[in-house]
Protein chains: 2
Amino acid sequence: MVTIYDIAEKAGVSAMTVSRVINNAGRISEKTRTKVKRVMDELGYVPNQMARSLVLQETRLLFLMITDITNPFYTTLARGAEDAAKKHGYRLLFGNTDEDLEKENDYIDAVLKTRADGVLLAPAGDASLPHLEMLRRHRVPFVLLDREVPGMDSDVVLGDSKEGARQLVKQLVGGGHRRIALINGSRTISSARERLEGYREALKLNDLTYDEALVLETSFGPRSDLTVIEAWLDRMRPLPTAFVAGNNVLAVELMRALRSRGLRVPEDASLVCFDELASYAEMDPFLTVISQQAYQFGYLGMQMLLDRIQSRDEQAPGWRKIVLPAELIVRRSVRQL
Amino acid sequence: MVTIYDIAEKAGVSAMTVSRVINNAGRISEKTRTKVKRVMDELGYVPNQMARSLVLQETRLLFLMITDITNPFYTTLARGAEDAAKKHGYRLLFGNTDEDLEKENDYIDAVLKTRADGVLLAPAGDASLPHLEMLRRHRVPFVLLDREVPGMDSDVVLGDSKEGARQLVKQLVGGGHRRIALINGSRTISSARERLEGYREALKLNDLTYDEALVLETSFGPRSDLTVIEAWLDRMRPLPTAFVAGNNVLAVELMRALRSRGLRVPEDASLVCFDELASYAEMDPFLTVISQQAYQFGYLGMQMLLDRIQSRDEQAPGWRKIVLPAELIVRRSVRQL
DNA sequence: CTGTTAGCGCATTCAT
DNA sequence: ATGAATGCGCTAACAG
């Protein structure tokens, strides 16, 4: 491996001079600078980031943990985060937790060992608290995305889940629907709770009674069991005329289940949900959705994180909470009754 | 920051003993071992990976570069790679190049600086050659995925693109189609070339003449311009009865363009393509496709890479080339004429 | 079974 | 404008 000492020797200077050339630090004569640079090219020198990090006590490495790499909401978010990181000269390490606390734990461990400068994460759920405490304890700045964790104050970027749920229900009610079901993620996840809350509020606001039988709590992730949804459908008599899905994955799963029962959307049942589907499904977009600004989640979250990193030693400003507005996009998946 | 010296002092042993406990190396009395471990817990010690890597000359960090993070083919591939890496105790850094040589170059740079132990990459194109030479020069083992690069021998995992294209054309011909168009990625990408080749061969085999006007060369990426496709459609008179798309993104773009012209699939035009669409589009899968084993691309590629890393100093075995078979899945997007 | 010495590659003092 | 000494946190090699 080529080191600054190799360069130094061949260029007839000291290692320190080489280091200065690399970092554009201190005053160096133009002559030696060009000479050193030429030797670096000749030898194909690449600075050793580890050695550098070891002495500088910073890695310029950030970590992004998402809960489902196949969900376009999160990949779009990842793009935003990456763009913002790159703009500031940081690199980004991705991790996919699948909403699995053990996997999340592994990644937290990796973060600490790697001495990443900061972490951006969508926590698996409320039970992620010890992981966050771990980060806090080791003074690793982090920003939460999409989900809060009770008991832990921090910077966070959220969507307006409650308002989104209200709007979805309102849209359905506007279409004449009065029997409206909800399929949702686990209540151990703040966004799922908020969505349930918004759903209930909107029902009340429209003089509709909340019926537990019309609510299914399952998983936001791609592993949710189709038979569970089918059984739920079969339990409800009569079938609701409309459904709210807590996210895009659940919307798709529900459509599959409906199809397996010979039911079409929107002819036999109306459906609205949170988040856009994959762009590939958008050849002919027909689901009415609350569209969240996925890219902004990542971009703004990353900016907050970088702010936090750069002011690490200064007195910390208060925790910031960004709530991105919910935008309703009306398409064709709601039938007018 | 807590170091092994802090542990050592508090536990009344030497730093070396602490190191041994951490790595389960050498013989240590059970008494000191438990004592050291307790102190480590108390102080919340986490090993410094950088210091470790610096002396061990290995990072146990691998890098995966893909060309489109929003393409489910690549995210599925990424899952496979991640699973295989994790199984062997390696961590994986993702990079998204968008088929952009500059971005690819930045990532190559990052790989070298970080001293990643190895790289798995879908190259942006033939022009990625200098990047690969860079890796080779610095003895960073790498495995190519999905695409070869002329002039560079290496391990590689490919799909059988030529055979896939043949099968798609054959399927169309079997449906009575004789005027078959191809929309494809850039010819600077090996898989695009292979697909074009297979398309031409299949035409010849069926006594159909190759017509340049029926072939559009654009980009596999998400940035391809819709107007280019629309112009192409408008140029072709009469319109082909069937289309082959070089990948899933192009299939979607083409469908959009067809729709903008009031044309439906398969009623007005048949369409087949490489790669499945996003799972979310698969609620009602209707495209006839060559389904590639995306997960296997990543998993097998990673295994080859790890093999290569582990035998780095031994005499290198010859380069290995895995060609994954093309599987035709017939659905409803081809109309029988 | 445990400790000492040395060095991984680099940048921050302080000299000159 | 440049160089020498020192240490970041850790482990390999050797000594005991």
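In what follows, chains are A, B, ... by sequence order, proteins preceding strands, each numbered from 1. Worth saying up front: this structure is predicted, and the values here are computed from it rather than measured.
- Judged as a salt bridge (Lys or Arg N to Asp or Glu O under 4.0 Å), the pairs with a partner in residues 30-51 of chain B (not counting sequence neighbours) are, in order, B:Lys10-B:Glu42, B:Arg38-B:Glu42.
- Side chain to side chain, A:Ser128 and A:Arg147 fail the donor-acceptor criterion of an N or O pair below 3.5 Å.
- Between A:Ile4 and A:Tyr45, the closest side-chain pair of non-hydrogen atoms falls below 4.5 Å.
- Residue contacts shown for B:Arg27 include a base, since a base heavy atom lies under 4.0 Å away.
- Classification of A:Arg79 and B:Asp98 as a salt-bridged pair holds, one side-chain N sitting under 4.0 Å from a carboxylate O.
- On the nucleic acid side, DNA chain D contacts chain B at distances under 4.0 Å to non-hydrogen atoms, with the end points of that region at D:dG9 to D:dC14.
- From one end of the helix from C:dC1-D:dG16 to C:dT16-D:dA1 to the other, with five pairs defining each end axis, the axis direction shifts by 40° (rounded to 10°).
- Between B:Ser186 atom OG and B:Asp126 atom CG the span is 8.0 Å, to the nearest 0.5 Å.
- Put simply, CD on B:Glu104 and CG on B:Leu132 are 7.0 Å apart, with the number rounded to the nearest 0.5 Å.
- Going from atom NZ of A:Lys103 over to atom NZ of B:Lys86 covers 5.5 Å, rounded to the nearest 0.5 Å.
- Contacts between residues 32-51 of chain B and DNA chain C, defined by a heavy-atom separation below 4.0 Å, involve B:Thr32, listed by number.
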Only pairs under 3.5 Å count here: list side-chain donor-acceptor contacts from residues 117-124 of chain A, not counting sequence neighbours, and write none if there are none.
from	atom 1	to	atom 2	distance (Å)
A:Asp117	OD1	A:Thr59	N	3.0
A:Asp117	OD1	A:Thr59	OG1	3.2
A:Asp117	OD2	A:Thr59	N	3.3
A:Asp117	OD2	A:Arg60	N	2.6

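- Side-chain N/O atoms of A:Tyr74 and A:Asp146 include a donor and acceptor closer than 3.5 Å.
- Of all nucleotides in DNA chain C having an atom under 4.0 Å from a heavy atom of chain B, the first and last in 5' to 3' order are C:dC1 to C:dG9.
- Where A:Tyr5 and A:Gly12 each meet DNA chain D at their nearest nucleotide, the meeting point lying more 5' is that of A:Gly12.
- Along DNA chain C, the nucleotide nearest to B:Ser29 and the one nearest to A:Val2 differ in position, and the one closer to the 5' end is contacted by B:Ser29.
- B:Tyr90 has its side chain within reach of B:Leu306: a pair of non-hydrogen atoms, C-beta onward, lies under 4.5 Å apart.
- Within 4.0 Å of A:Leu56, counting heavy atoms only, lie sugar-phosphate atoms of the nucleic acid but no base atom.
- Nucleic acid contact class of A:Ile28 (heavy atoms, under 4.0 Å, all strands): sugar-phosphate only.
- The shortest side-chain heavy-atom distance between A:Gln296 and A:Ile322 does not fall under the 4.5 Å cut-off.
- Using bins of under 30°, 30° to 60° and over 60° for the plane-to-plane angle, the ring pair A:Phe94/B:Phe94 lands in the perpendicular bin.
- Side chains of B:Asp83 and B:Tyr295: a donor-acceptor N/O pair is present below 3.5 angstrom, by distance only.
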